[in-house]
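Structure record follows, encoded as structure tokens.
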Amino acid sequence: MSQHSTDSTDPFDLAREAAAEIARRTDVERHDVALVLGSGWGRTADLVGETVTGFDQADVPGFAGASVAGHSGTMRSVDIAGTGRRALVFGTRTHYYEGRGVRSVVHAVRTAAAAGCRAVVLTNGCGGLRPEWGPGTPVLISDHINLTGTSPIEGANFVDLTDLYSPRLRDLAREVDPGLGEGVYVQFPGPHYETPAEIRMVRTIGGDLVGMSTSLEAIAARQAGLEVLGISLVTNAAAGMDAPLDHAEVVAAGKASADRIGQLLAAIVERI
Ligand code: 8IG
């Protein structure tokens, strides 16, 4: 079976349709920066600026409703504090494991490009392989390893992925928060987590973070000409590592990180 939709709809036409609907609903012709909020990042958009317009993502062509608990299905147009620029915030994403096809996974990124965005910030919640990154630690993605076995690119388009995760935007993020570490994100198809043996493999091949998103979106973003910043929030130690913190500690770490990652995202978006 083809990994891409076999219907005759052009995914870029669908993205343009979605962008037109967004322009209609928000009354602005173009947005400047897109944010995709992953697990744990849901409330951070409030710190980016004032939500001028919010609507159900599922009302925009090509988008399905939220299907993962803890993800908000709201799309928002946010006035980036003090800049006169607009952020297009996707409160949820379609994951590869949902089985809706790779086109659905990258539709938000293609829509962002069609809506005029020049950069996209892809966030996620993930497992961490470095013991110094406890739950609640934000980490910049320096590069990725795509273990999904698929690609969002259709046809013989040999898209260069060198410096996919923009060095300029990573430098900018570190100006905001000099304590930020960075690592290689490994996307598994999911929805199951890894086995301890798979995590040992990840370590061997150079991975630092494991998750079920982001890489396919980043590839589509590069094809669309967007600058990409990827930020992971380590929410758990990868499988087979030392005993995780107890639940109360994890909750406390999450609360403490909410402020840090919200301020981080706001300060970055303001400077992009
Ligand atoms: I949150 O440990 C979160 N998402 N693959 N592994 C994978 N995805 C994740 C993990 C994890 N934690």
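Counting convention: from 1, in listed order, for ligands and their atoms alike.
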**Q.** From the candidates N124, L209, N236, the one that places a heavy atom nearest atom 12 (N) of ligand 1
**A.** N236
**Q.** R174 CZ: over 12 foreign heavy atoms closer than 6.0 Å
**A.** yes
Q. Do any pairs count as a ring pair (Phe, Tyr, Trp, His ring centres under 6.0 Å) and have a residue in residues 144-171, sequence neighbours left out, and if so which ones?
A. H144-Y165
Q: For T235, take its heavy atoms, then give the atoms of ligand 1 lying under 4.0 Å from any of them.
A: 1 (I)
(Q) Using heavy atoms and a 4.0 Å limit, tell me yes or no: is G211 in contact with ligand 1? (A) yes
Q. Among all protein non-hydrogen atoms, which one is nearest to atom 7 (C) of ligand 1, and what is the separation to 0.1 Å?
A. E194 OE2, 3.4 Å
Q: Note the single closest protein heavy atom to atom 11 (C) of ligand 1, along with its residue, its atom name and the distance in Å.
A: Y193 CD2, 3.4 Å
Q: Run the contact test for S39 against ligand 1 with a 4.0 Å cut-off on heavy atoms, strictly below, and give the result.
A: no
(Q) Count I, L, V, M, F, W, Y as connected when their side-chain heavy atoms are under 4.5 Å apart, and connections chain through other members. Are I153 and V120 then in the same cluster? (A) yes
**Q.** Salt bridge D177-R260, side-chain N to carboxylate O under 4.0 Å
**A.** yes
Q.
Taking 4.0 angstrom as the limit and counting only heavy atoms of M212, give me the atoms of ligand 1 inside it, by number and element.
A. 5 (N), 7 (C), 8 (N)
Q.
Please list the nearest protein heavy atom to atom 4 (N) of ligand 1 with its residue and the distance rounded to 0.1 Å.
A. G125 O, 3.6 Å
Q. Side-chain heavy atoms under 4.5 angstrom apart, residues restricted to Ile, Leu, Val, Met, Phe, Trp, Tyr: same cluster for F12 and L216?
A. no
Show the atom names and distances, to 0.1 Å, of all donor-acceptor pairs under 3.5 Å that link a side chain in residues 28-37 to residues at least two apart or in another chain.
| unit_1 | atom_1 | unit_2 | atom_2 | d |
| --- | --- | --- | --- | --- |
| R30 | NH2 | G116 | O | 2.6 |
| H31 | NE2 | S77 | OG | 2.8 |
| D32 | OD2 | R86 | N | 2.8 |

